[in-house]
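For reference, the structure is listed below as structure tokens.
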Amino acid sequence: MNLLITGGAGFIGSHVIRRFIKNYPNYNVYNLDALTYAGNLENLKDIENYSNYSFIKGDITNENFINQLFKKYRFDGVIHLAAESHVDRSISDPLAFAKTNILGTMSLLNAFKETWKENCSDKLFYHVSTDEVYGSLGESGLFKETTPYDPNSPYSASKASSDHFVRAYGETYNLPYLISNCSNNYGPNQFPEKLIPLFINNILTNKKLPVYGDGNYTRDWLYVIDHAIAIDLIFHKGKIKETYNIGGFNEWKNINLVKVLCNQMDEKLNRSKSSEELIEYVKDRPGHDLRYAIDASKINKELGWKPSVTFEQGLSITIDWYLNNKPWLKNITSGQYQNYYNKQYS
Ligand code: NAD
Ligand code: TYD
């Protein structure tokens, strides 16, 4: 099997690549990544010399390049993770999200369709998406696979659009596809602009912890390796043309999560002064979705998946990883990162 994984140098993609390289030595795994600010080959240092792994630097929006690549390798399977993934960046640069997330996904779909034409029944295009396509929940309720799409940010609108195109190619060209919509991930190797790694880095460097609005926004958090396990299961056992919601059964209001994070960090760093003092309520994010929560009963019943670690365990492993990988963090937070940080939080 020639398997293309896009966005493999990013946060979730690197964990997916590692899992597939190690668990399926008979697959040739090709990691296609443009190495944007979020892509980092350091994330894959430990597996870069495996004989079944190859890295290809390239942009999914470059149609000619993508067509040539599919001609050359005739990928039997695609797991598509490459995307612009940060809501705050989508607010300041929405077009970049439309290009990568919509047009990039379409150029992959097109190349896949052209490669296999009518002979694609044993091939698979697996699109990795987000629960944010469903919009915002009120105080109660859960996102099901049948919840209508109602995206509110340029990020979630672009992901929703890409999901629609995947389904449209499935219906129109009979292309075998799978989609999963997952809740917020956390874990090692996450770029420190998303809530948890940003706050870990700020606690470490004694910087303010900028909580948007009143901090009463709720997210459902999942440990990244549990997402990678779910992707593996869905890729191998999912029912073609189906969607699976993936979630942590683990809802936290942002402010409560930040307090747990502060306590765990203070314990590990032996700090007597509470890091909670660094919390600062700042201007809210425009169009901020109040609450996300996933009903993951379908993947649980059909594929037997459930999270393998509790939130406290996952968070502890995550903090330890950042404490033990300070050079990784330092490299990533120098240069361009400072410009982003000053623009976003000044
Ligand atoms: P990330 O931002 O950490 O990584 C994205 C990767 O895609 C990077 O390596 C980047 O270099 C690459 N990339 C970006 N534009 C590209 C392009 N034009 N061509 C080729 N490569 C490009 O993202 P992540 O958090 O790992 O998310 C991966 C996928 O999972 C995304 O599709 C995202 O929508 C989805 N997702 C993320 C979460 C989450 O909590 N992080 C939750 C659910 C779903
Ligand atoms: P984030 O990690 O950006 O994920 P998403 O927006 O995709 O859910 O944000 C998680 C939550 O944390 C979200 O409600 C916004 C909030 N947040 C802050 O309060 N401060 C911050 O500096 C960031 C980055 C996020």
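Whatever order the structure lists ligands and atoms in, that order sets their numbers, starting from 1. By convention here, the first residue in the shown sequence is residue 1. As a basis for the values below, the full set of heavy atoms in this structure was taken, side chains included, without hydrogen atoms, waters or symmetry mates.
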Hey, is ligand 1 close enough to [X] that some N/O pair sits below 3.5 Å?
{"X": "Thr36", "value": "yes"}
{"X": "Leu32", "value": "no"}
{"X": "Tyr37", "value": "no"}
{"X": "Asn185", "value": "yes"}

Closest protein heavy atom (residue, atom, distance) for [atom]:
{"atom": "atom 36 (N) of ligand 1", "value": "Ile12 CD1, 3.9 Å"}
{"atom": "atom 44 (C) of ligand 1", "value": "Ser129 O, 3.1 Å"}
{"atom": "atom 21 (N) of ligand 1", "value": "Ala34 N, 3.1 Å"}
{"atom": "atom 32 (O) of ligand 1", "value": "Lys159 NZ, 2.7 Å"}
{"atom": "atom 5 (C) of ligand 1", "value": "Ala83 O, 3.5 Å"}
{"atom": "atom 9 (O) of ligand 1", "value": "Asp33 OD2, 2.6 Å"}
{"atom": "atom 1 (P) of ligand 1", "value": "Ser85 OG, 3.5 Å"}
{"atom": "atom 33 (C) of ligand 1", "value": "Tyr155 OH, 3.5 Å"}

What atoms of ligand 1 come within less than 4.0 Å of a heavy atom belonging to [X]?
{"X": "Asn184", "result": "40 (O)"}
{"X": "Cys182", "result": "42 (C), 43 (C)"}
{"X": "Leu35", "result": "11 (O)"}
{"X": "Gly58", "result": "19 (N), 20 (C)"}
{"X": "Val128", "result": "30 (O), 32 (O)"}
{"X": "Ala82", "result": "7 (O), 21 (N), 22 (C)"}
{"X": "Ser183", "result": "42 (C), 43 (C)"}

Sequence-distant partners of Ile332, side chain to side chain contact (heavy atoms under 4.5 Å, CB included), two or more places apart: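 Expected list: Asn40, Phe191, Pro192, Trp328.
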Does the gap between the ring centers of [X] and [Y] come in under 6.0 Å?
{"X": "Phe20", "Y": "Phe235", "result": "yes"}
{"X": "Tyr30", "Y": "Phe75", "result": "yes"}
{"X": "Tyr24", "Y": "His236", "result": "yes"}

Test applied, side chain to side chain donor-acceptor pair (under 3.5 Å); reference residue, Arg18; option that passes from Asn189, Asn23, Asp46: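 Checked Asn189, Asn23, Asp46 against Arg18; only one passes side chain to side chain donor-acceptor pair (under 3.5 Å): Asp46.
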Rounded to the nearest 0.5 Å, how far apart are CD of Glu302 and CD1 of Ile299?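 Glu302 CD to Ile299 CD1: 9.0 Å, rounded to 0.5 Å.
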If you count only heavy atoms, which residues are under 4.0 Å from ligand 2?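 Contacts of ligand 2 under 4.0 Å: His86, Val87, Asp88, Glu132, Asn184, Glu193, Lys194, Leu195, Leu198, Phe199, Pro210, Val211, Tyr212, Tyr217, Arg219, Asn254, Arg285, His288, Tyr292, Tyr345.
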Who passes ring-ring contact (aromatic ring centres under 6.0 Å, His included) against Phe143, sequence neighbours left out?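 Testing Phe143 for ring-ring contact (aromatic ring centres under 6.0 Å, His included), a comparison that skips the adjacent residues, returns Tyr134.
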Sequence neighbours left out, what passes side chain to side chain donor-acceptor pair (under 3.5 Å) with Asp266? Give chain and number order. Ser275
What do you reckon, does Ala9 put a non-hydrogen atom under 4.0 Å from ligand 1? yes
How about CD on Glu312, more than 12 heavy atoms from neighbouring residues, nucleotides or ligands closer than 6.0 Å, or not?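 Yes, because the 6.0 Å sphere around CD of Glu312 holds more than 12 heavy atoms from other groups.
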For Tyr37, is the OH atom crowded, meaning more than 12 foreign heavy atoms sit under 6.0 Å from it?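 Enclosed: over 12 neighbouring heavy atoms sit under 6.0 Å from OH of Tyr37.
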Closest non-hydrogen atom pair, Leu142 against Glu251: CD2-OE2, 4.3 Å
Could you check Tyr177 against Tyr126 for ring-ring contact (aromatic ring centres under 6.0 Å, His included), going step by step and ending with a plain yes or no? CA-CA 5 Å; Tyr177 73 85; Tyr126 176 3; over 10 Å; no
Tyr341 ring centre to Lys207 NZ or CZ under 6.0 Å, with the angle to the axis within 45°? yes
Report yes or no: does Asn256 contribute a side-chain atom to a donor-acceptor pair with the main-chain N or O of Trp252 at less than 3.5 Å?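 Not a single qualifying donor-acceptor pair exists.
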Just by distance, no angles: are the side chains of Asp226 and Ser308 close enough, under 3.5 Å, to form a donor-acceptor pair?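 Per modelled atom types, Asp226 and Ser308 side chains form a pair under 3.5 Å.
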Report yes or no: do Tyr155 and Asn101 form a side-chain donor-acceptor pair below 3.5 Å? no
Any idea which part of Thr100 is under 4.0 Å from ligand 1, heavy-atom wise: side chain, backbone, both or neither? side chain
